[in-house]
Amino acid sequence: LLGTAPSEIRAFLGYVANTGVRVGPALATELAWIARARRIVRYPASAMKGRSAHTVELNDMALAFLEEALEASPAKPFPFSYWFVLKRWVVLRKAVGRPTLRMHDLRHSFVSNQLAAGTPVHVVQQMAAHRSLAVTALYSHATDEARRAAAGRVQIGVAPSAEGAVVPPNVPPSGRSSSGRKRKSPLKQEAYAMPGGGIEPPTRGFSTGYAPLIERLTQPRNPKKTGG
């Protein structure tokens, strides 16, 4: 698409595709908003749809397209109107066989590609200046490969025993302790099968397991003394 774009708008389209900035704010970009040394563009609240200031990080391609635009127009990188761009965009999209493609779809592609590349959704939300994570999540399109990779990243369990049954680690056979002696009442045994911290953060008062609580609950209560 960018390879066949007219020279007048090529830098503009490349900038939008690599930053995800909406078309309106991108056209309004002022020289004073650009910090080349820090590779950022600071958009004031007045230029943004959500009326909140927004900082855009410039990757290598975004910076290159912005420099190309400033070389052609040093005072203002994109010194043309929306209608100027749209007229050339309509011709371009027909030429590449995408007659219904919108300029705003460049922003959509930026968000979707960031999510597909593994960028955390809350980071993409900030990059796209979305008001909520729910809006950003609409752009997520998980592929089969992405789901398989995600399933393999986190695996919880133990290796199967020789007989094929899954045995929790360090848990002795039922009815006997690790030393081979007969166990006491299960209620009075330490809750060895459940880690002290559990899988989630420990609940206050239960960080060392249930054994102390069970011990107190199973102790016989002293009968009340009555006056004689």
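Numbers for residues simply follow the sequence, beginning at 1.
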Do [X] and [Y] come close enough that some side-chain heavy atom pair is under 4.5 Å?
X	Y	answer
V41	T55	no
H54	Q126	no
R93	V90	yes
M61	Y15	no
K94	L92	no
R107	V21	no

**Q.** Main-chain N/O of L101 paired with W89 side-chain donor or acceptor, under 3.5 Å
**A.**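 Here the side-chain-to-backbone pair exists.
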Q: Could you tell me whether the side chain of S112 and the main chain of S109 form a donor-acceptor pair under 3.5 Å?
A: no
Do you know the tightest heavy-atom contact between [X] and [Y]?
X	Y	value
P74	L31	O-CD2, 3.6 Å
P77	A69	O-CB, 3.4 Å
L13	A5	CD1-CB, 4.1 Å
A47	W33	CB-CH2, 3.9 Å
R22	A128	NH1-O, 4.2 Å

Q | Cation over ring face, R10 and F12, 6.0 Å, 45° | A | no
Q. Out of N113, V121, L115, which one pairs with Y139 under the side chain to side chain contact (heavy atoms under 4.5 Å, CB included) rule?
A. L115
Q) Name the one of V23, N18, L1 that satisfies side chain to side chain contact (heavy atoms under 4.5 Å, CB included) with L106? A)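 Output: one option passes, namely L1.
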Among the clusters formed by ILVMFWY side chains lying less than 4.5 Å apart, do [X] and [Y] turn up in the same one?
X	Y	result
F84	Y82	yes
V16	V91	no
L27	F110	no
L70	V56	yes
L58	M127	no

Q.
Would you say that more than 12 heavy atoms from the other residues, nucleotides or ligands in this model lie under 6.0 Å from the NZ of K76, or not?
A. yes
**Q.** R39 bridged to E57 by N-O distance under 4.0 Å
**A.** no
Q. With sequence neighbours excluded, what pairs up with R102 under the salt bridge (charged side-chain N to carboxylate O under 4.0 Å, His left out) test?
A.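 D105.
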Q. With T136, which of H130, H122, R131 fulfils side-chain hydrogen bond (donor to acceptor under 3.5 Å, both in side chains)?
A. H130
(Q) Checking R42 against I40 for the side-chain contact (heavy atoms from CB on, under 4.5 Å) test, could you report, in this order, the C-alpha distance in whole Å, the side-chain angles of both residues, the deciding distance, and whether it holds? (A) CA-CA 6 Å; R42 296 189 183 94; I40 61 174; 3.6 Å; yes
Q: Applying side-chain contact (heavy atoms from CB on, under 4.5 Å), run through F78 and L66 and close with a yes or a no.
A: CA-CA 9 Å; F78 311 119; L66 187 58; 4.2 Å; yes
Q | side-chain hydrogen bond (donor to acceptor under 3.5 Å, both in side chains) assessment of T119 paired with Q114 | A | CA-CA 6 Å; T119 307; Q114 286 288 346; 2.8 Å; yes
